[in-house]
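Accompanying notes for the structure given below.
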Protein chains: 2
Amino acid sequence: MVTVVDVAQRAGVSPTTVSRVLLSPDIVSPGTRSRVLEAVEALGYQPNPMAQGLRMGRGRSVALLVGDIEQSVYSALTKHIQAALEAIGLELLLFNLGHRQDRLRGLLERAAALRLRGICIASSDVIPIRELKPTIQGLVAGGIPVISIGQRLERAGIPSVAHDDTAGVSRAVDYLLESKRGPVAYLGRIKTSAAGRARFQGYRQALQRAGIAVDESLVWESQNRYRYEAGYAEMSEALERGVRVRSVMAASDELALGAMAAALDRDLRVPDDIAIIGFGGVSWGAHVRPALSTIAGNPEALGEHVRGLFQAIEDGRDIPLRSSVELKLVLRQSS
Amino acid sequence: MVTVVDVAQRAGVSPTTVSRVLLSPDIVSPGTRSRVLEAVEALGYQPNPMAQGLRMGRGRSVALLVGDIEQSVYSALTKHIQAALEAIGLELLLFNLGHRQDRLRGLLERAAALRLRGICIASSDVIPIRELKPTIQGLVAGGIPVISIGQRLERAGIPSVAHDDTAGVSRAVDYLLESKRGPVAYLGRIKTSAAGRARFQGYRQALQRAGIAVDESLVWESQNRYRYEAGYAEMSEALERGVRVRSVMAASDELALGAMAAALDRDLRVPDDIAIIGFGGVSWGAHVRPALSTIAGNPEALGEHVRGLFQAIEDGRDIPLRSSVELKLVLRQSS
DNA sequence: ACGATTTCAGTTATCGTTACCATTCAAGCA
DNA sequence: TGCTTGAATGGTAACGATAACTGAAATCGT
C-alpha cells in the first residue's frame, strides 16, 4: 500500500505537507499543493483510515442502531441515512437491535471504545432512557454525539429528528371527516409509546376541530404491537359487536391491512362500506387490493436532516435538540 | 480511555503480556493471565480497534455491498449477515448500491484502503464481472476475501453462496403439476440473468420429468425486471389473448402479485380459476388476499453460511467456491 | 533599510497496539 | 556439574498518520 511517505518522496516534500494538502489545502502554497496532488493522483494514494483514526482520536464511521432492519420503515431509513453519511465521507456501521433492550445497552457501552464518529438510534421500541442516560452522557462528553431518529428523546437531552405524527394523522382524519362517511374509528396502540400518543393526539385534534366528541367504542387500542393480526382481530371484534363505523384511521399499515382483510373477509367493500387509511407508507401498500391509502413517512427527508446534523457536528456548530419532518398523505384506493 | 499500559501497570506486567493474554492466552502462565484479566475487568479495558487495525494491517469490519436495502430480500439478508458477523466479533459496514454498477466499482476500489476484513457482494443485478475481476483479484491477493451472496460468481473465481433456484422452482412446478389443474405458465425474466436462467431451468426440468413439452405461449418473459407492473401486464396480455392456463409459476413475488391482481381485476378466482406461486418469500405475501404461495428464501441459512465462510477465513482454512442453500415451498391460499 | 510579522515547510513526538528479538530462569539430560 | 532446551516475560520498534513546535524565507510597515 502506498503511504504518505511515498507521496511525499515523489512530490519532494515532507509527509506533513502531504497531510496538510489533504486536510487543509489552503495553508499550503499553490505550487506545492499541485505537486502533491499530482503525486497523490499518480500513486493512487488513499489515506489509511485506521492510522488517521488512531492519530485523530476517532474514526469515520457512524453506528446506526436500528430496531429491525427487516421492517420496511427501517430499511428505507437505513438506505437514506447511508446515502446521507456517504455524501459527507462517513461510513455506516449497522447494528440490528432486533427489538432487544439489552443489545442497545451493550452496544452503547462498546461505542466509546470503537471511537465512533457518532451514533444514531433508530428504534420505535421503548428505550430505558433513565438507565441509559449516564452512558449516553458519557459518550457525548467523550465527543461522540448520539442522536435519535424517529423517536423523540429530546427530553432526555438527546437531539432527535422525527416525523410530526400528530399533524400527519390529523390531516388524514380531516380527510376522512370531510368525505362525510360517518364515524371514524382509531386503531392502534396509544399508551405504550410516545409515537402512539402523538398519533392518537392527531385523531383527537381533528375530531375536536370538527366539533365531534371522541367515542370510546371507536377507539380500538390494539395490544399486540403494530402488527397485522392485531388489526385483523380488532376490526373483526368491532364488526362482531356491530359497531357503526364508516372509516378507520389505523396507526400503522400492518394494522390497516389487517383491518382491511377482516372487513373483506366479512364481504364488506373497501372503501365503499369502510374507508381505511394506514400509517407508514410501506411500499407494498400500493400493491395490495384495494391499494392502501396511507400516511407516508419521508425517510429521504429524515436522511437529509441527519446529514445536516452531522455536517453541523463536523463544523463544530451546535445542533438543534428537536427537528421535525412532515408526513404526507398518500391517497390510494382504500379511502 | 484506558490503554494496555494502564492495564499492564495495574497487573504489574508489561504491555506485551497484556496483549498476549488477550490474543493468545495459552502462551501466558495461568497466574499472570488471571492477574491481567482481573486488571482488564477492573479497569474496563477495551482495546482500541484502530490501533489494532493499524498494527495488524486490517480492521474488524466487513463491507456488505447490497443491491437495495429497501427490498425485503436484501434487508432480511442484511439482518442475518449482521448477526452472523457479530457472532464472530466482526462489524458490518453497509453500502447500498442502489442498483448502480459504477458504485460497485468505486466501492471495490476504495476497499483496499479501508483495510476491510472482507467484502460481501449481495446483488442480483448484472455485475460487469470481466471488468471488475482484476480489482477483485487484487483485493484477494491483498488478503481481503470477496464473496458473493445470492448470485453465483464462482466461475469468476469468487466464492458464492446462493439458493438452489432450479431445485426450488422445480419442486413448486411439481406441486402445480400434481394438483392437475392443467397448463402451468412461467412468468419471469429468463435470459437477462443467471438467476433467471436457473429458475426457468427448474420449470423446464419439472415439465420434462412429467413428460410435458414446453409450450412457448405459456412462457411469459417479462422485460421490466421483477416488478409488479410487469406481472400485471404479462398476465393481462395473456388473458386478453385467451391463453388457456390454470396456474402460474412466477419468478418473483412482485410478479406473482401483479399477475394475481390482473387475474382478480378480470374477476377470475385465485386459486380456483388460476393458481399462482411466487418466488422470494417476502413477508407481505402472507398478508395479501388471497395469501401468496411462494418459494421462500432462507436468509438465516445464508447468514449462517457466511459466518462459516468467515470463520474459516479467520482460521486460515480454505473456503469452498460454491455453497448452496435450499429454498422452501410455502403454500398459502394462492395455489 | 531594518526589525516585526507572516507564510510556508520540515522535524519530531505521539496515538495504542502488537511483532520481533532478547533475556531470564527452571527443568532436562549426559 | 555443565550445557541445552524450553517456557515465560520484557524492551523496543514499528504500523501510518497528524499536531505541535521550529526554523527559514518572504512580506510588511515606517
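A, B, ... follow the sequence lines: proteins, then strands. Residue 1 opens every chain.
- Rounding to the nearest 0.5 Å places CG of A:L97 at 5.0 Å from CG of A:L65.
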> Could you walk me through whether A:N48 and A:M1 pass the side chain to side chain contact (heavy atoms under 4.5 Å, CB included) check?
Replying inline: CA-CA 9 Å; A:N48 180 327; A:M1 277 277 84; over 6 Å; no

Name the pairs: protein N/O against N/O of nucleotides 4-7 of chain C, kept only if under 3.5 Å.
none

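- We find that B:E38 and B:R35 are not joined by a salt bridge, their nearest charged nitrogen and carboxylate oxygen being 4.0 Å or further apart.
- Taking 4.0 Å as the cutoff to heavy atoms of chain B, we find the contact window on DNA chain D bounded by D:dA8 to D:dG16.
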>> Go through it in stages, so that I can follow the logic: the residues are B:I136 and B:K133, the test is side chain to side chain contact (heavy atoms under 4.5 Å, CB included), and I'd like the CA-CA distance, side-chain angles, deciding distance and then a yes or no.
In response: CA-CA 5 Å; B:I136 292 176; B:K133 209 171 170 182; 5.7 Å; no

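- Side chains of A:S124 and A:Y74: a donor on one and an acceptor on the other come within 3.5 Å.
- Both B:M56 and B:R35 lie close to DNA chain D; mapped to their nearest nucleotides by heavy-atom distance, the more 5′-ward contact belongs to B:R35.
- Along DNA chain C, the nucleotide nearest B:T16 and the nucleotide nearest B:L54 are compared for position; the residue whose nucleotide lies closer to the 5' end is B:L54.
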> Taking it one step at a time, do B:R20 and B:S14 satisfy side chain to side chain donor-acceptor pair (under 3.5 Å)?
Replying inline: CA-CA 10 Å; B:R20 273 195 278 247; B:S14 77; 5.3 Å; no

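- OP1 or OP2 of C:dG10 has at least one side-chain nitrogen or oxygen of A:S14 nearer than 4.0 Å.
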> Going through the distances and angles, do B:L85 and B:F310 end up as a side chain to side chain contact (heavy atoms under 4.5 Å, CB included)?
Replying inline: CA-CA 8 Å; B:L85 291 175; B:F310 274 97; 4.0 Å; yes

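- For DNA chain C, the neighbouring residues in residues 18-31 of chain B, judged by any heavy atom under 4.0 Å, are B:S19, B:L23.
- Expressed to the nearest 0.5 Å, how far CD1 of B:I158 lies from CG of B:L153 amounts to 4.5 Å.
- The closest side-chain donor-acceptor pair between A:S160 and A:R155, if any, does not fall under 3.5 angstrom.
- B:R115 has its CZ atom 17 Å from the P atom of C:dT18, to the nearest Å.
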> Run the side chain to side chain contact (heavy atoms under 4.5 Å, CB included) check on B:T192 and B:V126 step by step: do they pass?
Replying inline: CA-CA 8 Å; B:T192 35; B:V126 180; 5.7 Å; no

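- Here B:V5 lies out of heavy-atom contact (under 4.0 Å) with every strand.
- Of the candidates B:V66, B:I69, B:L302, B:L64, B:L77 forms a side-chain contact (heavy atoms from CB on, under 4.5 Å) with just one, namely B:L302.
- Using a 4.0 Å heavy-atom distance criterion, B:T17 is classed as a sugar-phosphate-only contact.
- Atom pair B:M50:CE and C:dT18:C1' shows a separation of 17 Å (rounding to whole Å applied).
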